Amino acid sequence: MAREGPVKVNFRFCPACGARLQPRRIEGRDLPACPACEFIAWRGPKVAVALVATDHEQRVLIIRRGIPPGQGGWALPGGYVDDDEDPAYSAVRECLEETGCQSVVEGLLGMFHVVTEEGGLVVLAYRGRVTGGDPGPTAEAPELAWFAELDLPELVFASHRGALTAWRAARPAMR
C-alpha cells in the first residue's frame, strides 16, 4: 500500500537567530530547540482534505493519482490545505485542480489521523456535489471516472476508504 502523508522536515538551525538547534526535553519529548533563543521546532501534523464528490445520480468522482504518494492508485480528489485557506475551500480548490469540476461542500464526513514514517497527517473528509465543469485528466489525475456506490474501486489511502465508509453511513440521513 502506498504511503500517505507529508515529507518530514528536520530542523538543524534556528529560523529566528541561526544558532544550531539542540535536543531539549519538552513535555516528555526530545524536540529540536534553540539554545540562544526560545525557538522550539514543534512537530505538528500537516492538514489535508478529501472530497466525496457526487453527481445528480449519486455517483462518486474518483481519480487515479498521477503523483506520489499513492501514484497509480485510485483516490478521492483532495490534497493539502494551504496555511491561508479554510479547509472546505481547499477541498473545492483541489477538486477543481484535479478534475476540472466545480463543486460545493455539503458537510464534514469525518477527521482521520494518519501516522506515517514521515510524520502525522490530519485528513478532513467532506461530502460534496459537483456543480459544473466536465471531468477531464490532469497531471495530478491522468485518469478519472464516475462510479456507482456498488462499483467503487479500492482506494489507495486508508483515510479515503474511511471517508467512503462515513459517506455510506450518512447516506440514509441525506435522502
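Everything numeric in this text was worked out from a predicted model, so none of it was measured. As a basis for the values below, the full set of heavy atoms in this structure was taken, side chains included, without hydrogen atoms, waters or symmetry mates.
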Checklist entry - Going by heavy atoms in the side chains, are Arg29 and Arg43 under 4.5 Å from each other? => result no
Checklist entry - Counting distance only, does the side-chain N/O of Arg65 pair as donor-acceptor with the main-chain N or O of Pro69 below 3.5 Å? => result yes
Next on the checklist: Side chains of Gln102 and Leu96, heavy atoms from C-beta outward: is any pair under 4.5 Å?
Outcome noted: yes
Checklist entry - With a 4.5 Å heavy-atom cut-off, do Trp74 and His160 have their side chains touching? => result no
Item to check | Donor-acceptor contact present, side-chain Asp86 to main-chain Ala88, <3.5 Å | outcome: yes
Next on the checklist: If you count every heavy atom of other residues, nucleotides or ligands that lies below 6.0 Å from Glu38 atom CD, does the total exceed 12?
Outcome noted: no
Checklist entry - Is Leu124 linked to Leu51 within one hydrophobic cluster, defined over Ile, Leu, Val, Met, Phe, Trp and Tyr using a side-chain heavy-atom separation of less than 4.5 Å? => result yes
Next on the checklist: Test of understanding: with side chain to side chain donor-acceptor pair (under 3.5 Å), list the residues that count as partners of Thr54, not counting sequence neighbours.
Outcome noted: none
Next on the checklist: Looking at every non-hydrogen atom in both residues, tell me the closest pair between Ser90 and Val49 and how far apart they are.
Outcome noted: C-CG2, 3.8 Å
Checklist entry - With a 4.5 Å limit on heavy-atom distance, are the side chains of Val60 and Trp167 in contact? => result yes
Next on the checklist: Rounded at 0.5 Å granularity, tell me how far NZ in Lys46 sits from CG in Asp83.
Outcome noted: 9.0 Å
Checklist entry - What's the spacing between Leu164 CG and Glu154 CD if we round to 0.5 Å? => result 9.5 Å
Next on the checklist: If you count every heavy atom of other residues, nucleotides or ligands that lies below 6.0 Å from Asp134 atom CG, does the total exceed 12?
Outcome noted: no
Checklist entry - Below 4.5 Å, heavy atoms only, C-beta onward: do His56 and Arg129 meet side chain to side chain? => result no
Next on the checklist: Do Val104 and Val52 land in one hydrophobic cluster if side-chain heavy atoms of ILVMFWY residues count as linked below 4.5 Å?
Outcome noted: no
Checklist entry - From Ser159 OG over to His113 NE2, what is the distance, rounded to the nearest 0.5 angstrom? => result 11.5 Å
Checklist entry - With a 4.5 Å limit on heavy-atom distance, are the side chains of Pro45 and Val122 in contact? => result yes
Next on the checklist: Let's go through Ile63 and Thr99 carefully: what are the C-alpha distance in whole Å and the side-chain angles of both, what is the deciding distance for side chain to side chain contact (heavy atoms under 4.5 Å, CB included) to 0.1 Å, and is it a yes or a no?
Outcome noted: CA-CA 8 Å; Ile63 67 168; Thr99 71; 3.8 Å; yes
Checklist entry - Do Ile26 and Ile40 touch side chain to side chain, with heavy atoms closer than 4.5 Å? => result yes
Checklist entry - Taking NZ, NE, NH1 and NH2 as the nitrogens, is one of them in Arg93 or Glu85 under 4.0 Å from a carboxylate oxygen of the other? => result yes
Item to check | Minimum heavy-atom distance Thr131-Ser103, with the two atoms named | outcome: OG1-N, 3.7 Å
Checklist entry - Would a hydrophobic clustering, with Ile, Leu, Val, Met, Phe, Trp and Tyr connected at side-chain separations under 4.5 Å, put Val47 with Val92? => result yes
Next on the checklist: To check you understand the geometry: which heavy-atom pair defines the closest contact between Leu109 and Ala170, and what is its length?
Outcome noted: CD2-CB, 4.5 Å
Checklist outcome for this item: Shortest non-hydrogen pair, Trp146 vs Ala53, comes out as CZ3-O, 3.9 Å
Checklist entry - Would you say Arg161's side chain and Leu155's backbone share a donor-acceptor pair under 3.5 angstrom? => result yes
Checklist entry - For Val156 and Gly70, which heavy atoms make the closest approach, and how far apart are they? => result CG2-CA, 4.0 Å
Next on the checklist: Test your reading of the model: is there a side-chain donor-acceptor pair from Arg64 to the backbone of Gly72, 3.5 Å cut-off?
Outcome noted: yes
Item to check | Same apolar cluster: Phe39 and Trp42, side chain cutoff 4.5 Å | outcome: no
Next on the checklist: Working to the nearest 0.5 angstrom, can you tell me the gap between Leu61 CG and Cys95 SG?
Outcome noted: 6.0 Å
Checklist entry - After noting the C-alpha distance and the side-chain angles of Glu149 and Arg59, does the key distance pass the salt bridge (Lys or Arg N to Asp or Glu O under 4.0 Å) rule? => result CA-CA 6 Å; Glu149 180 179 2; Arg59 296 178 302 169; over 6 Å; no
Next on the checklist: Any non-hydrogen side-chain atom of Tyr126 less than 4.5 Å from a side-chain atom of Pro87?
Outcome noted: yes
Item to check | Shared hydrophobic cluster, Tyr89 / Val81 (ILVMFWY, side-chain heavy atoms < 4.5 Å) | outcome: no
Item to check | Check: Gln71 side chain, Gly66 main-chain N or O, donor-acceptor pair, under 3.5 Å | outcome: yes
Checklist entry - Looking only at heavy atoms, what is the nearest atom pair of Ala75 and Ile62, with distance? => result O-CG2, 3.3 Å
Checklist entry - Do other residues, nucleotides or ligands put more than 12 heavy atoms under 6.0 Å from Phe147 CZ? => result yes
Checklist entry - Does any N or O in the side chain of Glu98 come within less than 3.5 Å of the main-chain N or O of Gly78, such that one atom is a donor and the other an acceptor? => result yes
